[in-house]
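Both ligands and their constituent atoms are indexed starting at 1 by order of listing. What you see is a predicted model, and the numbers here were worked out from it, not measured in a lab.
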Amino acid sequence: MGKLDGKVAIITGAAQGMGKAHARRFISEGAKVAITDLNVEGGQKLADELGENALFIKHDVTSLADWARVLEEAESTLGTVTVLVNNAGIIGPVTPTVELAEEDYLKVVAVNQHSQYYGMKTVIPSMQKAGGGAIVNISSTAGMVSIVGAPNLAYVGSKFASRGMTKHVAVQYGPDNIRVNSVHPGYIKTPMMAAATDAEGGGISAQVPLRRMADPDEVSSLVLFLASEDSSYISGMEHVIDGGLTAS
Ligand SMILES: NC(=O)c1ccc[n+]([C@@H]2O[C@H](COP(=O)([O-])OP(=O)(O)OC[C@H]3O[C@@H](n4cnc5c(N)ncnc54)[C@H](O)[C@@H]3O)[C@@H](O)[C@H]2O)c1
């Protein structure tokens with residue numbers, strides 16, 4: 001028996017990196033998954049590989065209209081959506097605040113923060129009708145503390161916002177049996193962190209008490225836990241997965 005048997009999930013930004021690992025794990029635990037991303041080639045390839053319980057839908061998470069279409073397509077093919085993983089995100093330029101261009105600021109906030117508002121706004125009515133659901137908002141350790149070397153103010157601000165919106169929505173929709181949690185990864189080996197991965201050993205890993213970056217699949221274990229009934233009494237909380245980084 002899988003931990004997500006009978007569940008239908010939307011995972012955004014799932015064509016690569018952590019979203020891809022979450023999609024794989026969810027399918028192996030019995031879920032049907034709408035894999036959404038701007039990257040059509042990567043998303044479709046993954047859906048083909050994962051088989052009939054996976055559906056790729058092209059999706060720009062910064063568009064509310066796109067969200068409505070994605071929900072409609074996911075539900076007409078897979079069934080009522082009761083799990084949402086708001087995973088899509090971008091870093092933006094690595095730059096000090098004074099040099100951060102307004103358009104870059106707005107773009108990072110749109111992809112990382114507005115998307116999570118749109119996603120929750122769109123999917124919560126389905127969860128209410130179904131009698132409950134689980135939302136996992138992917139934030140970052142950059143949404144817990146301001147780490148030296150954080151890429152920019154927009155990334156940190158949007159990841160703190162994700163954590164705050166999570167708590168707000170958890171309080172508001174708890175009576176509908178909808179659980180909402182945020183996940184705060186540290187350094188994870190994904191295409192987003194490719195440059196840092198190249199520097200591993202001499203660079204980033206030295207900051208981490210466990211002295212390594214994580215594989216995306218290690219984060220999938222936490223996301224699966226929060227999406228499944230194993231976490232049935234956990235809501236409105238931040239869950240840090242960082243090898244001890246923010247403890248030091
Ligand atoms: N990798 C890390 O070390 C790390 C650490 C902390 C938090 N995070 C967060 O985890 C999440 C996943 O990161 P990752 O490392 O797997 O990144 P990634 O860059 O490998 O994958 C992100 C995916 O999001 C998609 N995407 C970007 N903009 C989009 C849009 N407008 N609409 C739809 N899809 C879009 C990309 O096409 C890509 O497939 C992000 O929210 C990121 O901020 C990553």
Side-chain angles (χ1 to χ4, degrees), residues 10-25 34-47 56-67 69-70 84-92 94 104 106-119 122 136-145 147 149-152 154-163 165-166 182-200 203-205 207-208 212-220 222-223 238-243 245-246:
I10 293 176
I11 306 178
T12 67
Q16 66 177 37
M18 276 186 263
K20 182 176 180 176
H22 305 336
R24 275 216 177 94
R25 182 69 75 85
I35 292 161
T36 86
D37 207 292
L38 280 177
N39 174 354
V40 174
E41 201 187 325
Q44 190 58 59
K45 190 166 166 245
L46 179 64
F56 172 69
I57 307 174
K58 186 180 181 204
H59 184 195
D60 179 356
V61 293
T62 67
S63 158
L64 184 57
D66 236 24
W67 269 101
R69 180 184 53 78
V70 164
L84 170 65
V85 182
N86 274 319
N87 168 76
I90 56 171
I91 290 187
V94 179
D104 290 328
L106 292 172
K107 179 154 192 212
V108 170
V109 172
V111 178
N112 295 358
Q113 178 184 345
H114 298 176
S115 65
Q116 299 196 351
Y117 150 60
Y118 293 147
T122 303
V136 183
N137 289 322
I138 306 300
S139 175
S140 169
T141 45
M144 296 298 297
V145 291
I147 292 167
N152 58 62
Y155 190 79
V156 173
S158 62
K159 293 301 187 182
F160 265 84
S162 166
R163 180 178 166 205
M165 293 194 306
T166 295
S182 57
V183 165
H184 301 258
Y187 297 128
I188 319 297
K189 289 181 205 163
T190 69
M192 181 184 269
M193 290 296 286
T197 309
D198 291 344
E200 194 177 11
I204 230 163
S205 295
Q207 301 170 27
V208 182
R212 64 178 180 88
M213 295 176 75
D215 288 324
D217 204 45
E218 297 180 84
V219 182
S220 302
L222 175 58
V223 174
E238 49 280 278
H239 305 269
V240 176
I241 175 161
D242 70 351
L245 180 68
T246 51

Nearest protein heavy atom with distance in Å, relative to [atom]:
atom                    : answer
atom 41 (O) of ligand 1 : Asn87 O, 2.8 Å
atom 35 (C) of ligand 1 : Ala88 CB, 3.9 Å
atom 39 (O) of ligand 1 : Asp37 OD2, 2.6 Å
atom 43 (O) of ligand 1 : Tyr155 OH, 2.8 Å
atom 34 (N) of ligand 1 : Leu38 N, 3.6 Å
atom 44 (C) of ligand 1 : Met18 CE, 3.2 Å
atom 15 (O) of ligand 1 : Thr190 OG1, 2.5 Å
atom 28 (N) of ligand 1 : Val111 CG1, 3.8 Å

Any N or O on [X] sitting closer than 3.5 Å to an N or O of ligand 1?
X      : value
Tyr187 : no
Asn39  : no
Gly19  : no
Pro185 : no
Gly186 : yes
Lys159 : yes
Val61  : yes
Ser140 : no

Practice prompt. Under 4.0 Å, heavy atoms only, figure out whether ligand 1 is touched by the backbone of Ser115, its side chain, both or neither.
Written response: neither
Worksheet item: Which is closest to atom 2 (C) of ligand 1 in terms of heavy atoms, Met192, Gln16, Met193?
Response: Met193
Provide the number and element of each atom of ligand 1 under 4.0 Å from a heavy atom of [X].
X      : answer
Asp60  : 30 (C), 31 (N), 32 (N)
Ile138 : 9 (C), 10 (O), 11 (C)
His59  : 32 (N), 33 (C)
Pro191 : 20 (O)
Gly17  : 16 (O), 20 (O)
Ser139 : 7 (C), 9 (C)

So, do [X] and [Y] sit near enough that their side-chain heavy atoms are less than 4.5 Å apart?
X      : Y      : value
His22  : Val219 : yes
Tyr187 : Arg212 : no
Gln113 : Met165 : yes

Item to complete: Please check if atom CZ in Phe160 has more than 12 non-hydrogen atoms from other residues, nucleotides or ligands closer than 6.0 Å.
Response: yes
Worksheet item: What residue among Ser162, Ser140, Ser158 forms side-chain contact (heavy atoms from CB on, under 4.5 Å) with Asn112?
Response: Ser158
Discussion item. According to salt bridge (charged side-chain N to carboxylate O under 4.0 Å, His left out), does anything in residues 35-47 pair up with another residue at least two apart or in another chain? List the pairs.
Written reply: none
Worksheet item: So, Thr141 versus Asp242: side-chain donor-acceptor pair below 3.5 Å or not?
Response: no
Response to the item:
Interatomic distance, CG@Asn87 vs CD@Gln116, rounded to 0.5 Å, equals 9.0 Å
Worksheet, complete the sentence: dist Glu218:CD -> Lys189:NZ (nearest 0.5 Å) comes out at 8.0 Å
Item to complete: Taking Asn152 for its side chain and Ile91 for its backbone only, find out whether a donor-acceptor pair lies under 3.5 Å.
Response: yes
Fill in: Electrostatic pair Lys107-Asp104, nearest N-O below 4.0 angstrom
no
Response to the item:
Applying side-chain contact (heavy atoms from CB on, under 4.5 Å) to Leu64 and not counting sequence neighbours gives Tyr118, Lys121, Thr122
Item to complete: Would you name the heavy atoms of Pro216 and Ala21 that are closest together and state the gap between them?
Response: CB-CB, 3.7 Å
